[in-house]
Amino acid sequence: MHLYASELSVVDTHEITEILENEFKGAYPETILPTGEIREIELVAKPDMVAIVPPYNTSVWAYNGTIPGPVIRIKLGDTLKLTLKNELSQPTTIHWHGVRVPNAMDGVPGVTQPPIQPGDSFTYQFTPKDAGTFWFHPHINAAEQIERGLHGVLVVEDPDEPSYSQDLVWVLDDWLFTNGGEIYSRFVTKHDLSHDGRWGNLLTVNGKYQPTFKVKAGERIRIRMINVANGRVFMPFFEQLYPLVIAVDGMLAKAPFALKNFSIAPGNRVDLDIIIPKVAAGKTFAVHDAFTRNNIDLAFIQVTSAEPITTPSFNSPQAKHFPLWSNAIKIPVGHEFILNAKRGGVHGISWMIDNKVWPEGKVYELQSGEFTRLRISNKSSRLHPMHLHGQFFKVIAKNGMKVEADFWQDTVLIGPKESIDIGLVPMDKGVWAHHCHILEHAESGMMSTIIVKE
Ligand code: C2O
Ligand code: CU
């Protein structure tokens with residue numbers, strides 16, 4: 001049962017909103033004081049050849065010649081100053097997925113910056129406000145540019161968090177390859193659009209097919225997983241290991257929880273805390289994907305040393321302050337976004353938000369500092385991982401039923417005919433994109449913007 005505005009007086013609503021906003025205070029910072037440390041990085045986006053499935057050399061588009069692109073690690077408070085040189089034959093931009101950047105650094109062409117033309121450069125400079133696992137990718141012709149290999153990882157380290165024996169990044173990807181080991185070169189097809197985007201035939205971790213990660217018995221490892229696939233959802237299952245989720249979409253959870261049937265949709269990140277048991281050298285743990293019924297192996301974790309090390313003992317990092325928002329369900333829905341498709345448009349099928357194909361559509365305004373409840377209703381029978389730039393939100397209801405999520409998200413997977421309510425206190429001002437992270441859906445129109453006002 002959900003409450004409608006009429007069941008609650010304006011006074012009540014106002015009072016509850018105030019409680020929710022107070023609860024929110026301190027969940028994550030409004031500003032960051034830069035330490036003055038500036039990390040300068042040069043990135044070149046250009047066509048290249050990379051061996052993803054040997055013996056084939058695959059033509060890709062890559063940042064600095066690697067698949068996946070570089071993993072940039074900085075410390076909380078550091079300023080990133082990254083210059084992108086576009087050596088592609090088409091315009092591009094970089095969007096910093098999940099990072100609360102100044103609006104002008106958000107990389108959305110036509111919204112926050114003009115596209116970077118072939119031969120041109122652009123410098124992105126900002127100081128991330130949050131520690132965590134983030135990623136970056138083009139925001140123009142993304143269904144092709146990301147699929148061809150343009151994506152990288154930004155890890156913002158918090159020196160206050162405990163150190164693990166190993167801190168690993170696992171970039172999960174899904175490629176559609178031809179028999180000759182090339183990337184299938186028709187993008188945003190009618191097939192992709194009438195399904196959950198482009199699903200491929202080769203799953204990789206860090207650009208490799210079923211890689212093996214070497215560990216020592218007793219080690220405690222942190223794995224930062226990122227789904228960079230165009231459409232595929234992953235549900236990693238660690239055979240005989242018991243990973244704890246400590247962060248979702250970069251932000252530490254209220255408390256660590258067991259990784260079980262956890263969907264990592266395109267755009268999502270999950271940080272895991274795993275203790276390698278004291279087993280004999282040579283023991284190999286498989287990690288498979290359980291989202292589809294095929295249980296495809298993704299990677300292996302192999303114990304190499306016979307001498308177990310002493311397991312680092314510390315409490316898993318967790319959010320310093322986390323609002324429960326048990327009352328959020330009482331606040332009326334501010335706006336309901338409707339997700340649906342229609343025939344027609346450049347690609348034959350157009351995905352829409354509120355019956356509008358991007359860049360049409362009304363801009364929805366939010367007041368900064370004000371608790372807002374939004375509903376996203378999927379009227380279709382496909383999946384839609386909806387991503388909101390520049391903000392974190394919490395799921396507060398599913399199909400009108402209260403949910404008490406223990407973590408923030410910037411991308412939420414909405415199932416067929418499902419409706420999800422999110423709560424947020426927008427803080428970062430500007431015009432922010434709101435779109436489906438199934439890149440084909442977004443490309444055909446499933447994008448809009450919201451404005452966070454002063
Ligand atoms: Cu990961 Cu608007 O994007
Ligand atoms: Cu979608």
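Values below: every heavy atom of this structure, side chains too, minus hydrogens, waters and symmetry copies. Whatever order the structure lists ligands and atoms in, that order sets their numbers, starting from 1. Here, residue 1 is the first one in the sequence, and each next residue gets the next number.
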Practice prompt. Please say which of Glu144, His151, Gln145 ends up in a side chain to side chain donor-acceptor pair (under 3.5 Å) with Arg148.
Written response: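 So, applying the side chain to side chain donor-acceptor pair (under 3.5 Å) to Arg148 and each of Glu144, His151, Gln145, only Glu144 qualifies.
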
Of all heavy-atom pairs linking Asp406 and Phe322, the shortest is C-CZ, 3.3 Å

Query raised in the report: Vertex atom 1 (Cu) of ligand 1: angle to ND1 of His97 and NE2 of His137, to 10°?
Result: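 Approximately 130° at the metal, rounded to tens of degrees.
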
To the Cu ion (ligand 2), the closest N, O or S atom belonging to His384 is ND1

Notebook entry, point to check: Near atom 1 (Cu) of ligand 1, is there an N/O/S atom from His387 that is less than 2.8 Å away?
Noted result: no

Which of Trp358, Phe337, Phe393 passes ring-ring contact (aromatic ring centres under 6.0 Å, His included) with His434? It is Phe337

Examine all N, O or S atoms of His435, backbone included, and report whether one is under 2.8 Å from atom 2 (Cu) of ligand 1.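 So His435 does bind atom 2 (Cu) of ligand 1 by this criterion.
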
Residues, nucleotides or ligands: over 12 heavy atoms within 6.0 Å of Lys402 NZ:
yes

Vertex the Cu ion (ligand 2), ends His441/ND1 and Cys436/SG: angle to nearest 10° comes to 130°

For atom 2 (Cu) of ligand 1, angle spanned by His139 NE2 and His389 NE2 (nearest 10°) is 100°

**Request:** Compute the centroid of each ring, for Phe392 and then for Tyr28, and state whether the two points are separated by less than 6.0 Å.
**Result:**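 Centroid separation for Phe392 and Tyr28: below 6.0 Å.
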
